[in-house]
Amino acid sequence: MASTPELPQLTTHDVTNQPPPPAPYDASDDQALLEGLRREGADWAEDDIRRLGVRAGSAEAQEWGEQANRHEPELRTHDRYGHRIDEVEFHPSWHHLMRTAVAEGLAGAPWADERPGAHVARTAGGLVWGHTEAGHGCPTSMTYAAVPALRAQPDLAKVYEPLLTSREYDPRLRVPTEKPGLLAGMGMTEKQGGSDVRTNTTTATPTGEPGVYTLRGHKWFTSAPMCDVFLVLAQAPGGLSCFLVPRILPDGSRNTFRIQRLKDKLGNRSNASSEPEFDQTVAWLVGPEGRGVKTIIEMVNCTRLDCVMSSATLMRKTLVEAGHHARHRSAFGARLIDQPLMRNVLADLALESEAATTLTLRLAGAADRAVRGDAGERAFRRIATAVGKYWVTKRGPAFTAEALECLGGNGYVEESGMPRHYREAPLLSIWEGSGNVNALDVLRALGREPDSAEALFAELALARGADARLDATVSALKEQLAGTDQMGARRLVERMALALQAALLVRHAPHPVADAFCATRLGGDWGHAFGTLPAGTDLETILERSLPGLN
């Protein structure tokens with residue numbers, strides 16, 4: 001019997017010059033984040049944030065994020081017998097992510113935590129746990145934001161707030177008061193109006209029971225349909241009003257919440273966004289009739305902060321990925337990180353990331369102190385959150401595209417994870433009001449709430465005299481305020497954001513970081529793309545601070 005010939009070695013596919021997997025890593029290994037956490041009054045949470053950062057960067061948690069996006073949620077409108085059920089099914093990895101997020105206090109828990117800095121700790125937790133996956137941040141954000149809005153109706157808040165602030169995750173559809181914890185969603189926009197919610201056509205008809213109405217209509221975007229309760233806007237006899245809509249009624253029957261379809265979105269694909277139809281849907285009034293926007297606006301303020309947080313998280317995540325690749329990949333006889341131009345790109349991205357993270361935590365600190373009664377911080381939060389929402393979320397897509405490019409063709413391939421981050425980035429500028437909506441909101445605040453402008457300039461004044469370029473920008477900003485109309489709103493808000501970021505860096509970051517930011521973003525010594533920092537910039541200090549061990 002003839003022997004089988006030995007197969008040749010397939011040496012053409014030896015793997016060389018490829019980086020190892022980035023996980024495990026520590027998502028909390030970020031000096032700007034940790035310093036901001038301490039500075040804004042949540043130093044007591046540092047051990048928990050560090051522990052969560054290690055977990056977020058683990059191979060297991062990173063795999064959860066990948067699987068939750070690969071196996072997208074599926075809508076089941078009917079059961080096998082033909083009964084209407086309107087349920088959304090998720091991959092187990094989604095539930096692992098959600099269970100961790102809720103248990104770590106990233107949903108409604110801060111409202112039940114009396115410690116100063118509780119809201120800062122939650123934001124810092126989001127900045128590290130968000131390294132896993134962005135989609136599940138939607139229901140946790142909605143739940144967090146629902147609590148202050150619900151407080152406009154104390155009798156409802158008494159029942160539901162302890163459940164919305166719980167750290168127990170229970171995805172089952174059950175009577176809300178029979179569950180250990182709840183998630184909340186929101187339904188404001190309709191197809192004819194979008195952000196112009198006053199044109200809503202969903203109607204609310206009073207029943208014979210005080211405070212109880214039935215809704216009829218259709219919502220164009222409702223996040224997220226698997227939640228237990230929703231805050232919804234509808235036209236009552238007294239005008240546009242806010243309502244609480246449960247999926248399951250107190251008697252155990254299903255409320256009418258017909259999910260017409262799930263949105264086929266560019267990104268955020270692990271999360272279900274839906275179009276529900278209401279038809280004799282039972283709802284409870286939250287706040288007075290005709291005051292729906294005023295009631296729900298506090299929810300919007302909270303979710304706008306989370307948009308800033310999520311954009312800063314995406315920046316940091318993709319910077320870490322780009323730095324890891326550059327450390328281990330070589331080209332033209334040297335590691336990428338040793339190539340001067342790549343160092344310029346990474347340092348420029350590091351500046352943008354630190355500015356975004358520092359502003360995010362300052363906004364979280366303002367939110368925390370505002371809810372504890374600080375009027376000055378409330379005024380600052382009012383304008384600065386809208387400014388930050390406009391600018392940081394606008395920077396996200398360009399940032400993630402540049403970070404992706406650091407990986408070259410490998411970054412364009414799905415299995416690198418970078419395309420998922422890139423698709424996610426534009427959402428944060430659209431969600432809770434597009435760029436135009438937020439820019440106009442800043443103008444509205446300036447016109448109707450002059451104390452907000454005073455609070456912003458008081459914040460900027462804390463850095464007066466530290467950098468001539470910043471001082472000149474603040475002076476120009478004061479002059480610009482007087483003559484700005486809708487046409488110039490974006491230019492005004494952009495300058496506000498850059499001045500605020502620069503002021504924070506001048507006060508709190510090392511001099512090379514603040515100097516480079518002011519020279520480029522304020523002084524004009526910069527190009528039109530990342531990687532155009534001027535000669536003489538201290539790249540080594542910037543990189544070592546943001547990506548320690550990279551040099």
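A salt bridge between Asp306 and Arg122 is present, with a side-chain N of the basic residue lying under 4.0 Å from a carboxylate O of the acidic one. With respect to the salt-bridge test (charged N to carboxylate O, under 4.0 angstrom), the residues Arg469 and Asp515 qualify. Note on Lys158 versus Asp155: no salt bridge recorded, every NZ/NE/NH1/NH2 to OD/OE distance being 4.0 Å or above. Using a cut-off of 4.0 Å between Lys/Arg side-chain N and Asp/Glu carboxylate O, Glu424 and Arg420 are scored as not salt-bridged. Electrostatic pairing of Arg444 and Glu449 does not count as a salt bridge here, judged by no charged N lying under 4.0 Å from a carboxylate O. Ionic pairing of Arg507 and Glu459 is present here: one or more N-O contacts between side-chain nitrogen and carboxylate oxygen are shorter than 4.0 angstrom.
The backbone N or O of Ala103 lies less than 3.5 Å from a partner atom in the side chain of Arg167, making a donor-acceptor pair. With hydrogens and angles disregarded, a donor-acceptor distance shorter than 3.5 Å links the side chain of Asn344 to the backbone of Leu533. The main-chain N or O of Val308 is never found under 3.5 Å from a side-chain atom of Lys389 such that the two would form a donor-acceptor pair. Judged by distance alone, the side chain of Asp471 and the main-chain N or O of Gly465 form a donor-acceptor pair under 3.5 Å. Checking side-chain atoms of Gln153 against main-chain N and O of Gly287 turns up a donor-acceptor pair under 3.5 Å. Remark: the backbone N or O of Ala516 is paired with a side-chain donor or acceptor of Thr520 at under 3.5 angstrom.
In the model, Trp526 has a side-chain atom that pairs as donor or acceptor with a side-chain atom of Asp348 under 3.5 Å. There is a side-chain donor-acceptor pair under 3.5 Å between Ser273 and Lys265. A donor-acceptor pair shorter than 3.5 Å can be found between the side chains of Thr201 and Glu190. Side-chain contact check for Asp441 and Asn438: no donor-acceptor pair (N or O, by modelled atom type) lies under 3.5 Å. If you check the side chains of Arg51 and Ser28, you find no donor sitting under 3.5 Å from an acceptor. Using modelled atom types, one finds no donor on one side chain facing an acceptor on the other under 3.5 Å when comparing Asn200 with Thr202.
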Side-chain polar contacts of residues 486-498 - donor-acceptor pairs under 3.5 angstrom, sequence neighbours left out - could you list them?
from: Arg490; atom 1: NE; to: Asn436; atom 2: OD1; distance (Å): 2.8
from: Arg490; atom 1: NH2; to: Asn436; atom 2: OD1; distance (Å): 2.9
from: Arg495; atom 1: NH1; to: Gln480; atom 2: OE1; distance (Å): 3.1

Less than 3.5 Å apart, which donor and acceptor atoms pair up between the side chains of residues 290-300 and the rest of the protein, not counting sequence neighbours?
from: Thr295; atom 1: OG1; to: Arg291; atom 2: O; distance (Å): 2.8
from: Glu298; atom 1: OE2; to: Arg381; atom 2: NH1; distance (Å): 2.9
from: Glu298; atom 1: OE2; to: Arg381; atom 2: NH2; distance (Å): 3.1

- request: Start with the C-alpha distance between Ser274 and Lys263, add both sets of side-chain angles, then the distance that settles side-chain hydrogen bond (donor to acceptor under 3.5 Å, both in side chains), and finish with yes or no.
  value: CA-CA 6 Å; Ser274 68; Lys263 296 292 193 180; over 6 Å; no
message: Go through it in stages, so that I can follow the logic: the residues are Arg50 and Asp47, the test is salt bridge (charged side-chain N to carboxylate O under 4.0 Å, His left out), and I'd like the CA-CA distance, side-chain angles, deciding distance and then a yes or no.
response: CA-CA 5 Å; Arg50 288 181 177 272; Asp47 288 346; 5.5 Å; no
task: Using the side chain to side chain contact (heavy atoms under 4.5 Å, CB included) rule, take Leu428 and Leu314 through it: C-alpha gap first, then chi angles, then the decisive distance, then the call.
output: CA-CA 10 Å; Leu428 287 316; Leu314 274 176; 4.1 Å; yes
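Val371 pairs by the side chain to side chain contact (heavy atoms under 4.5 Å, CB included) definition with Trp111, His119, not counting sequence neighbours. The salt bridge (Lys or Arg N to Asp or Glu O under 4.0 Å) search around Asp196 returns none, not counting sequence neighbours. The side chain to side chain contact (heavy atoms under 4.5 Å, CB included) search around Ala502 returns Leu470, Phe517, Cys518, Leu522, not counting sequence neighbours. Remark: Glu377 pairs with Arg362, Ala366, Arg369, Asp374, Phe380 by the side chain to side chain contact (heavy atoms under 4.5 Å, CB included) rule, at least two apart or across chains. Scored by the side chain to side chain contact (heavy atoms under 4.5 Å, CB included) test, Lys478 finds Phe457, Val474 as partners (sequence neighbours excluded). Shown here are the ring-ring contact (aromatic ring centres under 6.0 Å, His included) partners of His131, two or more places apart in sequence or in another chain: Tyr25. Every residue two or more places apart in sequence or in another chain was checked for a ring-ring contact (aromatic ring centres under 6.0 Å, His included) with Tyr160, and none qualifies. With sequence neighbours left out, Phe221 forms a ring-ring contact (aromatic ring centres under 6.0 Å, His included) with no residue at all.
Counting non-hydrogen atoms of other residues, nucleotides and ligands closer than 6.0 Å to OH of Tyr422 gives a total of 12 or fewer. Heavy-atom contacts from other residues, nucleotides or ligands closer than 6.0 Å to CZ of Arg372 number more than 12. Residue Arg464 qualifies as open at atom CZ: its count of foreign heavy atoms under 6.0 Å is 12 or below.
Within the structure, no pair that satisfies the salt bridge (charged side-chain N to carboxylate O under 4.0 Å, His left out) test touches residues 124-138, not counting sequence neighbours. Applying the side chain to side chain donor-acceptor pair (under 3.5 Å) rule to pairs touching residues 228-246 yields Lys179-Asp228, sequence neighbours excluded.
The closest side-chain heavy-atom distance from Glu354 to Leu505 is below 4.5 Å.
The two atoms that bring Leu349 and Phe399 nearest to each other are O-CE1, 3.1 Å, heavy atoms only.
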